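Note that the structure is a prediction, hence the values are computed from the model and not measured.
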There are 2 protein chains.
Amino acid sequence: MDSVNLKKLSSILGLSVSTVSKALRDSYEISEETKERVKKIAKAYNYQPNIYASSLRKAKSKTIAVIVPRIANNFFISAIDGIQEVAQEKKYHVLIYLSHESYEYEKELVQSFASGRVDGMLISLTRETNDMEHLRQLVNNGIPVVFFDRVSTELDCSTVSTNDYESAFEATEHLIKAGCKKIAHCRISNKLSIGQHRLNGYRDALEKHNLDFHSKYVVKCSDNDVEDYKTIKTLLKDKDRPDGLFTAVESYTLIAYEVCRELGIKIPQDLKLITFSNLRTAGLLDPSLTTITQPAFEIGEKAAAELISAIEKPRYFKPENIILKSVLSPRDSTN
Amino acid sequence: MDSVNLKKLSSILGLSVSTVSKALRDSYEISEETKERVKKIAKAYNYQPNIYASSLRKAKSKTIAVIVPRIANNFFISAIDGIQEVAQEKKYHVLIYLSHESYEYEKELVQSFASGRVDGMLISLTRETNDMEHLRQLVNNGIPVVFFDRVSTELDCSTVSTNDYESAFEATEHLIKAGCKKIAHCRISNKLSIGQHRLNGYRDALEKHNLDFHSKYVVKCSDNDVEDYKTIKTLLKDKDRPDGLFTAVESYTLIAYEVCRELGIKIPQDLKLITFSNLRTAGLLDPSLTTITQPAFEIGEKAAAELISAIEKPRYFKPENIILKSVLSPRDSTN
DNA sequence: TGCCGCATGGAAAACGTTTTCGTAAATCGT
DNA sequence: ACGATTTACGAAAACGTTTTCCATGCGGCA
């Protein structure tokens, strides 16, 4: 109701508004005794500065935006957890937005930030995004952007991601070494950096081991479980069914598990499975799931740290493309 | 760089600042032609209002805060997903904070909102919180609060939760009907509403079926996986080991799975397991896991809807205690 | 004594909106 | 044709800070 503001405080203290403001911010212009007196009263009245006034004046809000395609996803959750960790430590506030894989909505969001709602933005692009103009505008407006996971190098911004190509290569090779001859890949939109890199890693591993690349073994999945279910079922019902499957994201593999149950396909005897995944229960599944785990938390931490550097040291900040390695954990699904 | 503001727009248009402002907000005071002209130019220059100025003036920010103990948790994720859904539809911005189960930090956060950073707050309390004074202050300051999941009825605020008591009762009864005689319960802090209700449901189900309540079968778990691992291992190594286990939250059961593997305890032959859980892979575990699933998404949606009502219709708003039912899905872990 | 510099504090502008109030011209009713 | 109302717009205050600039009093110094 009656939140105290500087004016009230100053009249209580018999000082001017500016003196109180300076005292609270430890200005050298104010004597120690006055500072103490002011702070004591401020605490007593539980004074909380109005951040809209102060942000307006300072043109800084200590707030960052995070845009992710979705939140019900183990990777993004851990990444956000990492972001929160460093944001909290550096006293930043975090606004979270879900683009739901819609480029239009992403664009709208990004544009709304141009007026300074946030000091910086972290983003993982939608599957549809292939035009960076909205982001370029933001950057030109002086608001730093850092990409994570689904990145673009088109702009002069930092990116934080994992070694997608190498990990996909390694995953595919893992299947080959386990004896697979007909390896399929469920890929994600190739508008995405990760989609391309993971597909390339897969393809090159096949080539290295003299296995043919069959386009019928590369299926494009969406972000709709029902559709993906059909896609994967079709793939696995084929009479020339694959004996190994490498999926670009976790959800495709979980669907594959369900399809296999339904079709009576035995994992790993009939089909070996490996996926990029941050599933906590990978080791408890039936059978346990071989995963390539991205350092999601660290990716989030690193991305947030980059962003805050860009915000706070604009002069000295140099954008970097940071790669954090994923690790392959062999389990029964490829045994 | 050079973001346009009202002053620039008005000088471009040859109108006053106030006219432009009113035109953009569709005021009845402005003629249709002027409105159109203004809007066209505003769009052309990609005008984005400075929300700090406007929030300062209007004392409204179209922003809500969400405080959850942690984010790496399937229940909270889904709830946040639901919150985002309605916030986005109603054009609210969502600030997310993690209390990390620290009462002190929760208090600090809540106090910082008193100055009007947000128009309202959604909160799921920490395990430690047993004093509501900080929340009462916020409410007295005219900022509505809605509790979800870990609620308190001490304040005159809406709460959204599930039927914890009945579900716990049902879960325990489910174990009894499956033939368990020695049923243990991993409980969560009894400072929490859900901790108490779930424990009571468990106890009353035992009583109804004439099974003794043994305090050694009720173990208090924390939020630290390492500690909880020890606690659960001790429980399951006892020579008079339980033959059924009902855990208050998902993570305890996942730990139990691991402990059982290590000790060679067979689920469900030696130990039947049931838990509150929002795990997507419950059906894919080895063995598949019987769960009581809370309608997390809907809880989030409902909580956000309540909050926005409280914000936008303060006169007509009546706080309610809303209960959304959980559903028990029997699977192999209690078979 | 006269001057300078320092320490401490205050007055007022500024941030970009929204909103209240005023005013001129146009329209209306009789 | 006259006052009353309506229409369309502008001037200026207000929101609560931060910051720039100025004022005062004091001690030190030559």
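Nucleotide dT20(D) holds its P atom 11 Å from the CZ atom of Arg25(A), rounded to whole Å. Rounded to a whole Å, the CG atom of Leu24(B) is 13 Å from the P atom of dC9(D). One can place NZ of Lys58(A) at 13 Å from C1' of dC15(C), the figure rounded to the nearest angstrom. Separating the NZ atom of Lys7(A) from the P atom of dT18(D) is a distance of 15 Å, rounded to the nearest angstrom. With rounding to whole Å, Asn50(A) atom CG is found 11 Å from dC15(D) atom P. Put simply, NZ on Lys8(B) is 12 Å from C1' on dG16(C), counting in whole angstrom units. Atom C1' of nucleotide dC15(C) and atom CD1 of Ile51(A) are separated by 14 Å, given to the nearest angstrom. A straight line from CZ of Arg37(A) to P of dG9(C) spans 9 Å, rounded to a whole angstrom.
Residue Thr19(B) is classed as a base contact, given a heavy-atom separation below 4.0 Å to a base. Backbone-only engagement by Thr34(A) is indicated by non-hydrogen atom pairs under 4.0 Å involving sugar-phosphate atoms exclusively. At the heavy-atom level, Ser115(B) lies nowhere under 4.0 Å from the strands shown. Across all strands shown, Ser31(B) has heavy atoms under 4.0 Å from sugar-phosphate atoms exclusively, and none from any base. Among the atoms of the strands shown, only primed sugar atoms or phosphate atoms (P, OP1, OP2) are found under 4.0 Å from some heavy atom of Leu15(A).
Donor-acceptor pairing under 3.5 Å, judged by distance alone, is present between the side chain of Lys22(B) and the base of dG10(D). Side-chain atoms of Arg57(B) come within donor-acceptor range of the base of dT18(C), with a qualifying N/O pair under 3.5 Å.
Residues Ser124(B) and Phe148(B) share a closest heavy-atom pair of OG-O, 2.9 Å.
Place Tyr52(A) and Gly14(B) on DNA chain D by their nearest nucleotides, and Gly14(B) ends up nearer the 5' end. Annotation: of the two residues near DNA chain D, Ser18(B) and Tyr28(B), the 5′-most nearest-nucleotide partner is Tyr28(B).
Taking only side-chain nitrogens and oxygens, Ser21(B) comes nearer than 4.0 Å to OP1 or OP2 of dT18(C). Contact annotation: Ser16(A) reaches the phosphate of dG10(C) (side-chain N/O to OP1 or OP2, under 4.0 Å).
Salt bridge annotation for Glu128(A)-Lys107(A): absent, with no cationic side-chain nitrogen under 4.0 angstrom from a carboxylate oxygen. Contact check on Lys35(B) versus Glu32(B) returns a salt bridge, with a Lys/Arg side-chain nitrogen under 4.0 Å from an Asp/Glu carboxylate oxygen.
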Kindly list each side-chain donor-acceptor pair under 3.5 angstrom involving residues 40-47 of chain B, sequence neighbours excluded, with atom names and distances?
none

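Of all nucleotides listed (dT17(D), dT18(C), dG16(C)), dT18(C) comes nearest to the side chain of Leu6(B). Closest to the side chain of Pro49(B), from the set dT17(D), dT17(C), dG22(C), is dT17(C).
Checking Arg70(B), Lys191(B), Arg150(B) one by one against Glu101(B), the salt bridge (charged side-chain N to carboxylate O under 4.0 Å, His left out) holds for a single residue, Arg150(B).
Ring pair Tyr97(A)/Phe113(A): centre-to-centre distance below 6.0 Å.
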